[in-house]
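Take a look at the structure set out below.
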Amino acid sequence: LAQELAAAGKKVFLDLKLHDIPNTVAGAVRSLAPLAPSILTVHAAGGHAMLAAARAAALPGTHVVAVTVLTSLDDADLLSAGVPDGAATQAARLARLTRGAGLNGIVCSPHEVAAVKAEWANGLFVVPGVRPAGSDAGDQKRVMTPAEALKAGAGVLVIGRPISRAEDPAAAARAIEATL
């Protein structure tokens, strides 16, 4: 599908969340070049060297963004994984790391985007955990409505299941668009 979209001149967002040693991630990024993705995700937890290797291997037109804290995690989940500071602090920490490695932006929940954007005004902020009012949050723990996420500073909204699992996905997308 990604090849077909790229061949048709469409923008491709590859949310692969690459995370490995720097050489392996760089190789994976280079192997994706034929798709010419507009946005490609890596995990910020891979560290500065991995992030820099991903950026260096990407095509000039590809925005490489790093996932900070998954929206399915809350502060208790992070604490159980050895991250005592909570989601907001961890997202800010990983955003600084990502910016320092030369990436284009981050993936963060709508709850963290305003604070991070205050420190990185020209970053690209891809924001999952976006749910229309009244919809099921599913396994997402840090969510906002599309309008709230945009107001907080989101640059790209990621709205998956409320559209993909709708009886009429196109109508669901139009209904969400009407709220913006």
Side-chain angles (χ1 to χ4, degrees), residues 13-26 28-29 37-58 62-162 180:
F13 171 20
L14 292 178
D15 189 17
L16 301 178
K17 300 177 182 77
L18 299 172
H19 185 184
D20 209 316
I21 63 171
N23 185 62
T24 300
V25 168
V29 171
S38 294
I39 301 173
L40 173 65
T41 62
V42 297
H43 264 287
H48 185 276
M50 187 208 79
L51 296 170
R55 175 68 261 160
T62 297
H63 292 88
V64 181
V65 297
V67 175
T68 57
V69 179
L70 296 172
T71 54
S72 62
L73 302 174
D74 60 17
D75 290 351
D77 295 318
L78 290 172
L79 183 59
S80 72
V83 180
D85 299 332
T89 300
Q90 181 69 350
R93 179 183 299 119
L94 292 172
R96 285 188 295 276
L97 175 70
T98 299
R99 184 178 184 190
L103 273 67
N104 302 99
I106 61 166
V107 179
C108 68
S109 95
H111 291 271
E112 291 90 41
V113 71
V116 175
K117 189 169 186 168
E119 293 183 28
W120 189 1
N122 64 342
L124 174 61
F125 300 99
V126 177
V127 178
V130 177
R131 294 290 185 260
S135 69
D136 181 22
D139 57 356
Q140 304 293 310
K141 294 182 178 177
R142 298 181 341 273
V143 300
M144 282 186 185
T145 67
E148 291 169 334
L150 282 178
K151 185 176 179 182
V156 175
L157 298 176
V158 179
I159 309 170
R161 287 169 276 184
L180 302 177

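All values below come from the heavy atoms of this structure, side chains included, with hydrogens, waters and symmetry mates left out.
- When all heavy atoms are compared, the tightest approach of Val69 to Ala91 is CG2-N, 3.9 Å.
- No donor-acceptor pair under 3.5 Å is formed between the side chain of Thr89 and the backbone N or O of Gly86.
- Among all heavy-atom pairs drawn from Leu157 and Ala149, the shortest one is CD2-CB, 3.7 Å.
- The line from CG of Leu51 to CZ of Arg99 is 14.5 Å long, rounded to the nearest 0.5 Å.
- Rounding to the nearest 0.5 Å gives a distance of 14.0 Å between CZ of Arg96 and NE2 of His48.
- The distance from the CG atom of Asn104 to the OG1 atom of Thr98 is 10.5 Å, given to the nearest 0.5 Å.
- Counted by atom type alone, Ser72 and Asp139 present zero donor-acceptor pairs between their side chains at under 3.5 Å.
- Proximity of Thr41 to Leu14: side-chain heavy atoms (C-beta onward) are nowhere separated by under 4.5 Å.
- To the nearest 0.5 Å, atom CG of residue Leu150 and atom CG of residue Leu180 are 5.5 Å apart.
- Residues Val143 and Thr71 fail the side-chain proximity criterion, which asks for heavy atoms closer than 4.5 Å.
- For the pair Pro128 and Pro110, the tightest heavy-atom approach, listed with the atom from each and the gap, is O-CD, 3.1 Å.
- Applying the salt bridge (charged side-chain N to carboxylate O under 4.0 Å, His left out) rule to Asp136 yields no partners; only residues at least two apart in sequence or on another chain are considered.
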>> side-chain contact (heavy atoms from CB on, under 4.5 Å), that's the test. Do Lys17 and Val67 meet it? Break it down for me.
In response: CA-CA 7 Å; Lys17 300 177 182 77; Val67 175; 3.9 Å; yes

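- The two atoms that bring Cys108 and Thr68 nearest to each other are CB-OG1, 3.5 Å, heavy atoms only.
- Residues passing the salt bridge (charged side-chain N to carboxylate O under 4.0 Å, His left out) test with Arg142 are Glu112, sequence neighbours excluded.
- Between Asp75 and Ala87, the closest heavy-atom pair is OD1-N, 2.8 Å.
- In plain terms, the two heavy atoms of Ser109 and Val127 that are nearest each other are C-CG1, 3.9 Å.
- With sequence neighbours excluded, the residues satisfying ring pair (Phe, Tyr, Trp, His ring centres under 6.0 Å) with His43 are His19.
- Residues Arg161 and Arg131 meet the side-chain proximity criterion, which asks for heavy atoms closer than 4.5 Å.
- By the 4.5 Å heavy-atom criterion applied to side chains, Val42 and Met50 are counted as neighbours.
- Side-chain contact between Val158 and Phe13: present, with at least one pair of heavy atoms (C-beta onward) separated by less than 4.5 Å.
- Looking at Ile39 and Leu124, their side chains come closer than 4.5 Å, going by heavy atoms from C-beta outward.
- Proximity of Ile106 to Trp120: side-chain heavy atoms (C-beta onward) are separated by under 4.5 Å at one or more points.
- Between His111 atom NE2 and Met144 atom CE the span is 4.5 Å, to the nearest 0.5 Å.
- Between the CG atom in Leu70 and the CD atom in Gln140 there is a gap of 9.0 Å [rounded to 0.5 Å].
- Residues Leu103 and Val65 have side chains not in contact (no heavy-atom distance under 4.5 Å, counting atoms from C-beta outward).
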